[in-house]
Amino acid sequence: MKRKRRIQSFFKGIIISFAVVIFVEGFVLFGLPLLGVDVNDTISYVSESIVAAKGLFAKATLSNTQDTSSTPNHKLQGGPMEGTGAPENTDNLDSPANTGEEYTFDATTYPYRELLSSTEQAVYNQIYANAVAYNTDTFTLVNSLSESELSETINSVYNDHPELFWLNTSYKYGYNKSNEVVQVQLSFGISSDQLETAKTNFNAVVDSITEVASTYSSDIEKELYIHDAICQLTTYDSNAELNQSAYSALVNGSTVCAGYARSFQLLCQESGLTCYYLTGTASGSDHAWNIVSIEGDFYNVDVTWDDSISESYGSSVYPYFNLTDSEMADDHTRSTLAAQLPSCTATAMSYTNVYGSTVEKNDINNNGGQLTDGNFTIDKPAEPIMDWREEAPNGPAQNIPQMDFDSNQPPELGGPGGF
């Protein structure tokens, strides 16, 4: 029906355009001489007016043939950070402030920044600085970017910095007549008067876990302890508050895959392990997981799915712990940005190679959808599963400390996000 109306509008516009042109030209040729007006003096002006009129009618007719059901604002999607853009008057832009020039970022710890151009890296620093400063105002970018460049840049900030748990995954941006992005406005999931309390609660959990993890001598024992600490502290809940952040997992105790993965990323980093945050799809739906460097090689880790399987099984198991890309490929696919991070091909530090039997991927019967949906069954392992803690009898106590924040309650935070 809409298409039929657009076609009708198109032909109606053509008919009106020709009618107006014929009327004007007839009036010029026959009407003006009767009124005593010199046609030669006016013919050039009228001809230009006719051409302009034709252009206006063509433009109006074209707009009538377009689908007007969509909003005029631009949308940036394709990553955790999603933006909404609108045209901006660039005549009176403020000078760029809080540019973040004072910040330096190690390439090994912050790999997404290294994927950007120097122009994008300058904006990366500025976005990071304004997120740290909790700036709710619109700010002018140090460099104008295309919309795709802005999307890559702001998602790189998000992917590199799980410590910015107060940063929302939605933002606004302004673009000029050339469709260059010139302004950005960030949003935050925690109000300014709650932020310091939230940071105190968050840091208390992070410090308590990393303090114990640091007492282990090997990388894989640190990794396993962090993995199990997150699984013990949290559970999957698609309606969890601020669920795109590490805060939701470590303090609130309920999150989605983004919260699991960002917690793992942060705790590994704080414990001296190189760990990256990956986005992509799993079983066809948006998903997030990690790659971690153990003894010089990278491995895939999906804490979210390990926790879902462990809760169903009744004890800690590690089917998605330290896998290769080929082992992950049947149900996990990296996003375009994440695909540029290191590949995972080593097998030496897989759970089974280091500790022995566990529930493995081949033991999981996925009946459709993500494993967090609970639509799966677990076959009995061929051998009794091995508890890694038995292999480290001289290690610290394995119980995760109960978090006591006195009378302080975690503040009410923002709503759920996308991943």
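Positions are given from 1, in the same order as the sequence printed here.
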Side-chain contact test, heavy atoms from C-beta onward, threshold under 4.5 Å: evaluate it for [X] versus [Y] and give yes or no.
X      : Y      : value
Cys257 : Thr372 : no
Lys361 : Asp330 : yes
Thr99  : Asn125 : no
Val181 : Glu149 : no
Leu341 : Leu115 : yes
His287 : Thr304 : yes
Glu241 : Asn243 : no
Val292 : Asn322 : yes

Donor-acceptor pair, [X] side chain versus [Y] backbone, under 3.5 Å?
X      : Y      : result
Gln244 : Met81  : no
Asn159 : Tyr277 : no
Thr333 : Gly280 : no
Ser271 : Leu267 : yes
Tyr171 : Val184 : no
Asn366 : Phe376 : no
Asp106 : Thr108 : yes
Asp237 : Asn239 : yes
Ser156 : Glu152 : yes
Gln183 : Leu141 : no

Looking at residues at least two apart in the chain, or sitting in another chain, which of them share a side-chain contact (heavy atoms from CB on, under 4.5 Å) with [X]?
X      : answer
Ser144 : Glu180, Val182
Thr324 : Ser326, Glu327, Thr347
Ser95  : none
Asn135 : Asn130, Asp137, Phe139

Around atom CD of Gln340, are there more than 12 heavy atoms of other residues, nucleotides or ligands at under 6.0 Å? yes

Using a 6.0 Å cut-off, check whether atom NZ of Lys172 has over 12 heavy atoms from anything other than its own residue. no

List in chain and number order the residues that pass ring pair (Phe, Tyr, Trp, His ring centres under 6.0 Å) with [X], two or more places apart in sequence or in another chain; answer none if no residue qualifies.
X      : value
Tyr112 : none
Tyr313 : none
Phe105 : Tyr110, Tyr124, Tyr128, His161
Tyr299 : none

Could you note down all residue pairs passing salt bridge (charged side-chain N to carboxylate O under 4.0 Å, His left out) where residues 369-384 supplies at least one of them, sequence neighbours left out? none

Would you list the pairs meeting salt bridge (charged side-chain N to carboxylate O under 4.0 Å, His left out) in which at least one residue belongs to residues 291-320, sequence neighbours left out? none

Using ring centroids (six-membered ring only for Trp), state whether Trp388 and His227 fall under 6.0 Å. no

Is a side-chain donor-acceptor pair under 3.5 Å present for [Y] with [X]?
X      : Y      : value
Ser170 : Asn168 : no
Ser148 : Ser146 : yes
Asn365 : Thr377 : yes

Please test Thr279 against Asp286 for side-chain contact (heavy atoms from CB on, under 4.5 Å), starting from the C-alpha separation and ending with a verdict. CA-CA 7 Å; Thr279 59; Asp286 290 338; over 6 Å; no

Could I get the full list of side-chain hydrogen bond (donor to acceptor under 3.5 Å, both in side chains) partners for Ser118, not counting sequence neighbours? none

Hits for side-chain hydrogen bond (donor to acceptor under 3.5 Å, both in side chains) against Asp91, two or more places apart or cross-chain, chain-then-number order -> none

Are Tyr216 and Glu223 close enough, and set up right, to give a side-chain contact (heavy atoms from CB on, under 4.5 Å), and what steps lead you there? CA-CA 10 Å; Tyr216 285 103; Glu223 179 194 9; over 6 Å; no

Taking all atoms of both residues into account, what is the closest heavy-atom pair of [X] and [Y], and its distance?
X      : Y      : answer
Ser315 : Ile385 : OG-CD1, 3.7 Å
Ser312 : Ile378 : OG-CD1, 3.9 Å
Glu270 : Val206 : CG-CG1, 4.2 Å

Trace of the ring pair (Phe, Tyr, Trp, His ring centres under 6.0 Å) decision for Tyr355 with Tyr318: CA-CA 11 Å; Tyr355 293 106; Tyr318 306 90; 8.3 Å; no

Audit row: Tyr236, Gln370, side-chain contact (heavy atoms from CB on, under 4.5 Å) steps and yes/no: CA-CA 12 Å; Tyr236 189 91; Gln370 296 212 26; 5.7 Å; no

Indicate the ring-plane relationship of Tyr173 and Tyr175, choosing parallel, tilted or perpendicular according to the 30° and 60° boundaries. tilted

Full working for side-chain contact (heavy atoms from CB on, under 4.5 Å) between Phe264 and Ile226: CA-CA 7 Å; Phe264 188 74; Ile226 291 168; 3.9 Å; yes

